[in-house]
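Take a look at the structure below.
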Amino acid sequence: MEKKKRGLGQSIRLTRGFAPYFKPYWKIMVLDLFCASLTTICDLVLPKIVQRITAAGLNPALELTVKYVLLVGALYVVLRVIDTAANYYMQSIGHIMGSYIETDMRRDLFSHLQDLSHSYYDSTKIGQIMSRITTDLNEITEFAHHFPEEMFIALIKIIVSFIIVAQMNPLLALIIFAVMPVMVFCSNIFSKRMRASFQAQRHQLGELNAQVEDSLSGVRVVKSFANEEIEKEKFAQGNLRFLDIKKTMYHAMAGFHSVTRLFDGVMYIIVVIVGAIFMIYGKLEAAELVAILLYVTSLLASIRRIVEFSEAFQRGITAIERFNEVMHVESDIQDRPGAVALTGVKGNIDFENVQFSYAEALGNVLTDINLHVNAGDSVALVGPSGGGKTTLCSLIPRFYDVTGGCIKIDGKDIRDVTLHSLRSQIGVVQQDVYLFSGSVYENIEYGKPGASREEIIQAAKLAGAHEFILGLDEGYDTYVGERGVKLSGGQKQRISIARVFLKNPPILILDEATSALDNESEHLVQKSLESLMQGRTTFTIAHRLTTIIHAKTILVLTDEGIVESGSHEELMAKKGVYYNLYSMYTQSR
C-alpha cells in the first residue's frame with residue numbers, strides 16, 4: 001500500500017468533510033461549547049484572584065481582610081459548582097453526541113456497502129471492510145466529542161491569556177507566545193509519524209481480521225488437511241507485523257510527549273528568568289509574576305490536554321480518512337437518469353452483440369453474443385470452465401454491466417430500468433448456497449420479506465423441503481447455524497429453492513445448482529428445480545450434462561463464443577463439441 005504524506009491541510013479538509021455529521025446535533029454542540037466556556041472561565045479566574053490577594057498582602061496600602069478573602073473564596077466555590085455541572089454535561093451528553101455521530105456514519109457506510117457492485121467485493125477483503133465499519137468508527141466517538149471542545153477551550157485560553165498577560169507586560173507576553181509556534185512545529189514532526197503509523201496499524205488490523213475470517217471460515221478444510229500449524233504460522237507472521245507497526249507508533253508517540261514536556265520546562269524557566277529580570281528593573285510586580293505563572297500553568301495544561309487528545313485526534317482523523325476511502329468509491333452499476341421500473345415481465349430476453357471483460361487488459365470474456373430467448377423457454381449453458389457461462393448469466397441481473405452491446409428484457413434495455421425492479425424479477429439458485437444465521441423460517445422468508453406463514457410453508461412444499469423441515473428439532477424455527485452449517489447440502493439447497501419459490505420471479509438462473517450434491521440429494525433437488533422452472537424463462541449452468549438434456553435449447557459456450565446451439569438430440573446428431581462433452585461425461589460416470 002502506498003504511503004501518503006498527510007499534513008495540516010489534509011487534516012483540515014478531512015474535518016470539513018466530517019462537519020455535516022454534526023448538523024443534526026448542532027443544539028447539543030452549542031450547549032456543549034457553552035459548558036466548555038464555563039469551565040474555561042473558572043480556570044482563567046483563579047490566577048486573577050491569586051494576583052489580587054497577593055498584591056493586597058504585599059502592599060500595606062491595600063487592606064486584605066478576612067471578609068474580602070471569604071467573599072472571593074465563596075465566589076470561586078460558586079464558579080466551581082457551575083464548572084462541575086458544565087463538566088458533567090460535557091462528559092455525558094457530549095460523549096453521547098459522539099456516539100450518535102458514530103452510529104450515523106456506520107449506517108451510511110453499511111448502506112453504501114450494500115450499493116457497491118460485485119466488482120468491488122471481487123478485489124476487497126471482507127476483513128478490511130469489517131475493520132472500517134467497527135474498529136475505525138469506534139474512534140469517531142471520542143473524536144467527534146473532544147475535537148471541537150478541546151479546540152474551543154484552547155482557543156479561548158490562548159486569546160484571553162495573551163490579552164491578560166499583555167496588559168501586565170506586553171514584552172513578556174510576546175516572548176511566551178513566541179515559543180508556542182516552535183513547540184507546535186516540533187510536535188508536528190512527530191504528529192505526522194504518528195498519523196502514518198496509525199494508518200498502517202488500521203490497515204494491518206484489517207489484514208489480520210481478513211486472515212482470521214478466512215482461516216475460521218475454512219476451519220473444516222484446515223483440519224481435514226491437518227494444517228493447523230500452517231495457519232498458526234501465517235497468523236503469527238501477520239501478528240508480528242502488527243507488533244512492529246505498534247512499536248513504530250509508540251516511538252513516535254514517545255517523541256511527541258517528550259518534546260511537549262521539554263517545552264513545558266522551557267516555558268516555565270523563560271517566565272521565571274525574564275519575569276525576575278523585569279521585577280529587578282521595576283517593570284513587573286511580584287503579584288503579576290505569580291499571576292503570569294498561573295496563566296502559563298493553565299495554558300500549558302490546556303496544551304497538554306491537546307497533546308493527550310492528539311492521539312485520539314490522529315486515530316479519529318485516520319478513521320475518517322478510511323471511512324472516506326470507502327464512501328468515495330462509486331458503484332459501477334447504477335440506475336441511469338430517468339430509469340423506470342420494470343413491471344409486467346413476460347420473460348423474453350435478447351442478447352445483442354454483447355461483449356464483456358472484467359478489465360480491459362485481460363481481454364474479452366464474452367465477444368459478440370447474440371441470443372434470443374422466448375418467455376418460458378429453458379436454456380442450458382454448457383462448455384469448458386472459463387468459457388463465460390456464469391459471466392453471461394451474471395449480466396442479466398446486472399451484477400456486472402456489458403462492455404459492449406446490450407441485453408433486453410421484453411424489448412427494454414436492462415440499463416434503462418431500475419436495478420431494484422430488475423433484480424426483483426430474477427431468481428438465482430447457486431451451487432454455493434448461502435443461508436443467513438437464523439431460523440429456517442427466516443431464511444425462506446428472505447425471498448419475500450413479510451410473507452405469511454402459509455406462503456412460506458407453501459413455498460417449502462413446492463421446493464420439496466416441507467417434510468424434512470418438519471423432521472427438524474424445532475421445525476421451521478430450527479436454527480440453521482452459521483451459513484447453514486447444521487443442515488446437509490441437499491437441505492440447504494432446497495431451502496434456497498423455497499426462497500426463490502416464495503419470490504416467484506418470471507426469470508430464473510440456476511448456476512450449477514446440483515453439482516455439489518450426492519446422487520440422492522441431486523435427485524430430490526432436481527425434482528424441486530423442475531417444479532420451479534415451470535412457466536419461467538430459465539438459464540441453467542450445468543456440469544452434470546444429464547440434468548439438462550430436456551432443455552429446449554442448449555448453448556455450447558467456449559472462449560470463441562456460442563459455438564453450438566440446439567436441443568440435446570440435435571446437438572448429439574451434429575457430433576460436434578457438445579457430442580464430445582456429453583460422451584466424455586457419460587463414459588466417466
Side-chain angles (χ1 to χ4, degrees), residues 121 126 130 212-225 227 231 390 393 397 399 423 426-505 508-534 536 538 540-544 546-547:
Y121 294 99
I126 298 300
M130 290 298 297
V212 170
E213 185 203 17
D214 189 43
S215 182
L216 296 183
S217 296
V219 68
R220 287 168 177 77
V221 177
V222 173
K223 291 184 178 299
S224 69
F225 283 91
N227 280 341
E231 292 301 312
T390 298
C393 290
F399 293 151
R423 292 172 181 172
I426 301 171
V428 181
V429 180
Q430 298 174 320
Q431 171 189 350
D432 185 16
V433 178
Y434 192 96
L435 295 186
F436 295 94
S437 181
S439 67
V440 171
Y441 183 94
E442 290 167 338
N443 271 281
I444 298 176
E445 186 193 23
Y446 202 80
K448 183 182 175 183
S452 67
R453 193 170 187 87
E454 290 73 20
E455 289 178 297
I456 289 171
I457 292 174
Q458 180 60 23
K461 287 179 178 178
L462 291 171
H466 181 65
E467 289 185 7
F468 92 75
I469 292 173
L470 292 181
L472 298 174
D473 292 342
E474 298 180 55
Y476 281 85
D477 297 319
T478 300
Y479 175 67
V480 300
E482 191 83 14
R483 300 191 179 191
V485 70
K486 293 189 175 183
L487 302 177
S488 70
Q491 290 173 331
K492 288 193 291 185
Q493 192 62 281
R494 278 179 281 169
I495 288 175
S496 75
I497 293 170
R499 195 157 57 187
V500 177
F501 261 119
L502 188 63
K503 184 178 183 180
N504 194 27
L508 188 64
I509 297 173
L510 307 178
D511 190 354
E512 303 184 30
T514 63
S515 63
L517 303 178
D518 57 61
N519 290 333
E520 183 180 355
S521 297
E522 178 189 2
H523 176 70
L524 293 170
V525 169
Q526 192 61 42
K527 287 179 62 178
S528 301
L529 290 174
E530 288 170 3
S531 176
L532 180 62
M533 291 164 62
Q534 295 299 315
R536 308 177 201 274
T538 304
T540 303
I541 301 170
H543 281 311
R544 297 187 177 183
T546 53
T547 62

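Only a predicted model underlies this, so the values are computations on that prediction, with no experimental measurement involved.
By the 4.5 Å heavy-atom criterion applied to side chains, E474 and V440 are not counted as neighbours. Put simply, the side chain of L532 does not reach to within 4.5 Å of the side chain of T538, judged on heavy atoms. Looking at heavy atoms from C-beta onward, V500 lies out of side-chain contact with V428 at the 4.5 angstrom threshold. Residues L435 and Q491 form no side-chain contact, since every pair of their non-hydrogen atoms from C-beta on lies 4.5 Å or further apart. Annotation: side chain of R536 is in contact with side chain of N504 (closest heavy-atom distance under 4.5 Å). Side-chain contact between C393 and D511 is absent, with no heavy atoms from C-beta onward closer than 4.5 Å.
Counting all heavy atoms, side chain and backbone alike, G427 lies closest to P505 at N-CG, 3.4 Å. A460 and A498 get closest at one heavy-atom pair: CA-CB, 3.9 Å. Closest of all the heavy-atom pairs between I456 and A451 is CD1-O, 4.1 Å.
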Assess whether side chain to side chain contact (heavy atoms under 4.5 Å, CB included) is satisfied between I469 and K461, documenting all intermediate values. CA-CA 10 Å; I469 292 173; K461 287 179 178 178; over 6 Å; no
May I have the step-by-step check of side chain to side chain contact (heavy atoms under 4.5 Å, CB included) for V429 and Q493, ending in yes or no? CA-CA 8 Å; V429 180; Q493 192 62 281; 3.3 Å; yes
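Rounded to the nearest 0.5 angstrom, I457 CD1 and L462 CG are separated by 12.0 Å. With rounding to the nearest 0.5 angstrom, the CG atom of D477 is 10.5 Å from the CG atom of L472.
Side chain of R423 to backbone of P397: a donor-acceptor contact under 3.5 angstrom is found. Using modelled atom types, no side-chain atom of E445 and backbone atom of R499 make a donor-acceptor pair closer than 3.5 Å. Side-chain atoms of K448 never come within 3.5 Å of backbone atoms of F501 as a donor-acceptor pair (strictly under, hydrogens ignored).
In terms of the ring pair (Phe, Tyr, Trp, His ring centres under 6.0 Å) criterion, residue partners of Y446 (sequence neighbours excluded) are, by chain and number, F436. Y121 is linked by a ring pair (Phe, Tyr, Trp, His ring centres under 6.0 Å) to nothing, counting only residues two or more places apart in sequence or in another chain.
A perpendicular orientation is assigned to the rings of Y476 and Y441, their planes being inclined by more than 60° (bins at 30° and 60°).
Side-chain contact, S437 with Y479: a donor N or O sits under 3.5 Å from an acceptor N or O.
A 6.0 Å sphere centred on CE of M130 holds no more than 12 heavy atoms belonging to other residues, nucleotides or ligands.
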